[in-house]
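The next block holds one structure in the form of structure tokens; read it before the comments.
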There are 4 protein chains.
Amino acid sequence: MKTLTRLDLNDARRLIAGAIRHADQIGVPMCIAITDESGNLIAFERMEGGKVTSSTIAIDKAYTAAAARKATHEYGAASQPGAPAYGINSAIGGRLMIVAGGLPVTYADAVIGAIGISSGTPAQDLAVAEAALQFWQAAS
Amino acid sequence: MKTLTRLDLNDARRLIAGAIRHADQIGVPMCIAITDESGNLIAFERMEGGKVTSSTIAIDKAYTAAAARKATHEYGAASQPGAPAYGINSAIGGRLMIVAGGLPVTYADAVIGAIGISSGTPAQDLAVAEAALQFWQAAS
Amino acid sequence: MKTLTRLDLNDARRLIAGAIRHADQIGVPMCIAITDESGNLIAFERMEGGKVTSSTIAIDKAYTAAAARKATHEYGAASQPGAPAYGINSAIGGRLMIVAGGLPVTYADAVIGAIGISSGTPAQDLAVAEAALQFWQAAS
Amino acid sequence: MKTLTRLDLNDARRLIAGAIRHADQIGVPMCIAITDESGNLIAFERMEGGKVTSSTIAIDKAYTAAAARKATHEYGAASQPGAPAYGINSAIGGRLMIVAGGLPVTYADAVIGAIGISSGTPAQDLAVAEAALQFWQAAS
């Protein structure tokens, strides 16, 4: 047996609060998903105006960032045509997301969950995910 | 009717043991899947630290290598933009893997099963798959 | 944040060894799947003669027992025609298994993983799962 | 390694010919699927007038009969409400068929493939599958 650390629901709520705060600042309503370290959903909110397609995309960005322990945009860079991971985006029934906006949440060098953001440009999605992490870290 | 040859469970265990040996040498914990020649799973292990996303990816790399009788990275080369097999990666619900790490297991010029490795870089995954094949061949 | 306990690969191997021992005693080759407490696969073996359909079924029995923290046969009883959970068997794309053979693995009152067995009758599958748990507990 | 016996394409064509002969006799156009012993499709024909839904159902009946080494109607009997395998019909994404019309093809006590029939009543589907097996056995 082994022990591990995981986000709890209060952490998830705080991450969502931080994401909403930044989304409001830039004026882009977002879908926001928080998963545990295994990629299973803890909390989700679609802000007023968030896209319906982005519900699944945000959840899958968080799933990928948690379960692969990697920012989704890193997969984007590694899977361009000619690059070694080319074609990875359709893996796991298309759940493996390579577009920016999914970030692992880490604590003491371990991935304890992830956040996934979708509805804006990939750069906006990533900025909101980063702001959410900073908000959560400041409060922890 | 026809007769064919297939990996048995002992072969599968030996292939996994060879994969773990090399994964330990390079310090990258892996997901390791062995299928029969029809692409059906015989055995699987997720090493401590192997990625959750890589469970499905390793199984699907082995499935592809067995059932298409081709190393997954050969599909990667054949499906670059402009190449004839472009877009093949999303076939079969995304199970057709084109990233390195899936290799057929052959005996007497016939595919008798396959191995799929995932969690490292594609080059690391392929190296572990190759080492597993060599370990199995040496023991056979 | 919170901490939790999870089966490791050695536990998974021991559970599989215990399952095989009992399957050999009753003369029924089985598919054996071990997942972590989140339902993600750790290890799998299809014994010589285990059924191909049972690979998925064993994995999904373990998934259900872990992620729902319940023996699969308890869902069978609760979902008979007229019962409150009637129809639950087709949930999650059919992954929610209600046939006997999936059991949670518990430690200190927490679910830390699960075992799923398939290829025999449901009663045989359950007996092998129970024997595997006893074998693992005796060794722990 | 181990060796096994499998239907070849000539066997599959002969099984289809036998199925069509009986389907014509009873005046019910059928979908006819032949798989190998692993459940992978070898040949398929939808007779003029066969149902579109029955294409998938015939393939999945053959898949189940091969990969579970059991007539599909045996699962039907074993999975009635209150019976041990209740709920098994939704397993494997709904591919596990429990309605009559899927039969294993055996040779020397081993399953070497299967036939699946659909478009008539379950009794008609089963009768056509049985007639196909007799036609194939007589010719072998």
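Lettering of chains follows the sequences in order, A, B, ..., and the numbering in each one begins at 1. These figures come from a predicted structure and were not determined experimentally.
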message = If you count every heavy atom of other residues, nucleotides or ligands that lies below 6.0 Å from D:Phe44 atom CZ, does the total exceed 12?
response = yes
key: Residue among C:Ala100, C:Gly49, C:Ala123 with most heavy-atom pairs under 4.5 Å to chain D   = C:Gly49
task = Could you tell me which portion of C:Ser79 (side chain, backbone, both or neither) has an atom closer than 4.5 angstrom to a non-hydrogen atom of chain D?
result = both
ask   = In Å, rounded to the nearest 0.5 Å, how long is the span from OG1 of C:Thr56 to CG of D:Leu96?
value = 10.0 Å
note = Checked C:Arg95, C:His73, C:Gln80 vs chain D; the most non-hydrogen pairs under 4.5 Å come from C:Gln80
task = For D:Arg69 and C:Val52, run side chain to side chain contact (heavy atoms under 4.5 Å, CB included): C-alpha distance rounded to whole Å, both residues' side-chain angles, the deciding distance at 0.1 Å, then the answer.
result = CA-CA 9 Å; D:Arg69 298 193 297 269; C:Val52 165; over 6 Å; no
ask   = If you look at every heavy atom in D:Ala91 and C:Ile57, which pair is closest and at what distance?
value = CB-CG1, 4.0 Å
query = Do any N or O atoms from the side chain of D:Ser90 and from the backbone of C:Asn89 form a donor-acceptor pair under 3.5 angstrom?
reply = yes
inquiry  = Counting only heavy atoms from other residues, nucleotides and ligands, does the tally under 6.0 Å from CZ of C:Arg14 exceed 12?
reply    = no
key: Residue pair D:Tyr86 / C:Gly76: nearest heavy atoms and the distance that separates them   = CD2-O, 4.3 Å
Nearest non-hydrogen partners of D:Gly87 and C:Val99, listed with the distance = C-CG2, 4.5 Å
